[in-house]
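Just so we're clear, the structure is a prediction, and the values are computed from it rather than from any experiment.
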Amino acid sequence: MDWLEEKRDAVSDYIRNLSFRKAMVAYILVLAAVVSGLSYLTMVVCWQWEAAEWAKYEQEDLTKIIYQKGPVWGYDYSFAAGTDRFRILCLDFIRVWCPFLYAFSGMVITIFLFYRKRLAMPLSILENSVDLIRGNDLDFHVQYDSKDELGKLCDSVEDMRMELVRGKEEMWQMVERQKELNAAFAHDLRTPLTVLKGYTDFLARYLPEGKISQEKMQDTLALMSEHLKRLEDYSRTMKGIRSIDEVPFAPEWRELQSIGKKIGEVVFALDQIGDVKIHYKGCRMADGSGMEKDRLTSRKEGDGECSRVKADDNIIMEVLENLLSNAIRYARKEIEVMADYHVEKAEFLLTVRDDGKGFSKEQLENALQPYHKEYESVEMDEHFGIGLHICRELCKKHGGTLNVANSMQGGAVATASFFCNM
């Protein structure tokens with residue numbers, strides 16, 4: 001029985017996968033065979049019946065019976081009684097015209113069966129698929145178990161649906177990237193403007209009192225000009241890119257002292273604003289023995305090579321400003337900034353710690369995700385919840401990472417690492 005079922009299934013699959021041309025030929029051949037068989041049987045039965053009717057009048061002159069009046073048929077049946085004559089005429093009509101009647105009926109039935117077996121289901125599937133696509137509903141599958149023309153058409157519609165799904169996903173991702181980029185642009189503009197405001201407040205506070213020397217004022221104005229140029233470059237860069245991933249990364253050999261000095265300048269400017277005190281311990285360098293040196297205050301002979309790092313200071317400063325922006329928002333009284341460079345690892349570490357509430361367990365898991373706001377209870381009209389996410393992406397471009405944790409002294413700690421041997 002299993003063998004018979006396998007053979008039956010194989011024949012069924014073969015018939016189902018026939019092309020329309022071959023299937024139509026097969027249907028026509030079957031129709032011709034059925035019409036021929038039924039016509040032959042009908043003719044034989046009618047002829048035998050007619051012969052039985054003729055046998056009733058066998059004593060009549062046979063020339064009257066076989067007298068042909070037409071090319072097909074048309075015998076003179078006047079010799080037969082009225083009822084017998086009508087019966088013979090009907091049998092004669094059926095015998096002659098039955099092939100045409102069977103052929104016409106067979107064609108109607110064959111067309112109906114062909115539509116039902118080969119067209120109805122795939123056309124229904126295609127119609128439903130088009131309606132769903134027109135309604136912007138792509139959560140379905142187009143499946144028709146056949147390899148004929150409509151089966152291939154269904155496969156093509158399924159491929160089209162998958163392309164539409166991919167296109168929709170790509171469009172959604174593009175919108176999300178653009179949204180993220182716009183938020184990043186708005187977020188990153190705020191901190192440099194705050195730095196400039198800090199320098200402005202510093203000048204406005206001490207310049208009228210004559211506490212700022214000419215040299216200090218020139219240095220401050222030069223720093224403000226440098227930050228303005230950086231803002232201009234940043235705006236130009238953000239205008240030409242489509243996502244944070246496209247932010248340019250251009251590492252150059254720089255003095256560690258130079259990076260530490262820039263960090264100090266940003267800390268100094270932000271320290272002029274608000275009631276939060278920002279402490280900066282200077283940029284330290286650790287050698288293989290674990291000994292640390294303050295690179296801003298001391299420099300010995302032979303240290304020149306170690307004090308040079310290959311880094312993109314624009315990315316480092318961008319991360320610093322974002323971390324400080326978050327820390328200022330949540331700190332109570334003070335913020336601590338530390339910068340370290342590990343010679344053996346060629347790794348630059350930037351740590352910002354505040355004395356705020358710190359992170360909850362849920363916030364530690366999601367703080368680096370875009371649009372996550374660290375403290376929902378804090379009033380944050382302009383807070384996008386994207387600062388730490390931007391920092392993480394920028395650290396990745398520099399071969400590093402961003403880690404957040406709670407300090408043992410209380411508050412939140414964010415540590416950014418930058419690989420400086422790329």
Indicate yes or no: at least one non-hydrogen side-chain atom of Gln363 is less than 4.5 angstrom from one of Val404. no
Verify salt bridge (Lys or Arg N to Asp or Glu O under 4.0 Å) between Glu336 and Arg353, making sure each step is shown before the conclusion. CA-CA 5 Å; Glu336 187 178 44; Arg353 182 184 69 83; 3.3 Å; yes
Interatomic distance, Ile263 atom CD1 to Leu324 atom CG [nearest 0.5 angstrom]: 9.5 Å
Given side chains that start at C-beta, do those of Leu203 and Leu221 come closer than 4.5 Å, heavy atoms only? yes
Hey, are the side chains of Ile259 and Phe348 touching, using non-hydrogen atoms and a 4.5 Å cut-off? yes
To the nearest 0.5 Å, tell me how far Tyr280 OH sits from Leu320 CG. 8.5 Å
Any Leu138 side-chain heavy atom under 4.5 Å of Ile133 side chain: yes
Quick one: does Leu126's side chain get under 4.5 Å of Leu150's, heavy atoms only? yes
Tell me whether the NZ or CZ atom of Arg161 lies within the 45° cone about the ring axis of Phe140 and under 6.0 Å from its centre. yes
Please report the interatomic distance CE(Met107) to CZ(Phe114), rounded to the nearest 0.5 Å. 15.5 Å
Nearest 0.5 angstrom please: Tyr115 OH to Met121 CE, how far? 12.0 Å
Could you tell me whether a side-chain N or O of Glu158 sits under 3.5 Å from a main-chain N or O of Val142, the two making a donor and an acceptor? yes
Residue pair Ile94 / Val45, side-chain heavy-atom distance below 4.5 Å: no
Stepwise salt bridge (Lys or Arg N to Asp or Glu O under 4.0 Å) check, Asp131 with Arg134: CA-CA 5 Å; Asp131 289 340; Arg134 186 185 294 114; 2.9 Å; yes
What closest approach, in Å, do Cys154 and Tyr144 show between heavy atoms, and which atom pair accounts for it? SG-CB, 3.8 Å
Passes salt bridge (Lys or Arg N to Asp or Glu O under 4.0 Å), Arg166 versus Glu163? Steps please. CA-CA 5 Å; Arg166 281 192 288 269; Glu163 288 298 325; 2.4 Å; yes
Taking the side chain as C-beta and beyond, is there a heavy-atom pair between Thr200 and Met224 under 4.5 Å? yes
According to side-chain hydrogen bond (donor to acceptor under 3.5 Å, both in side chains), who are the partners of Ser39, at least two apart in sequence or on a separate chain? none
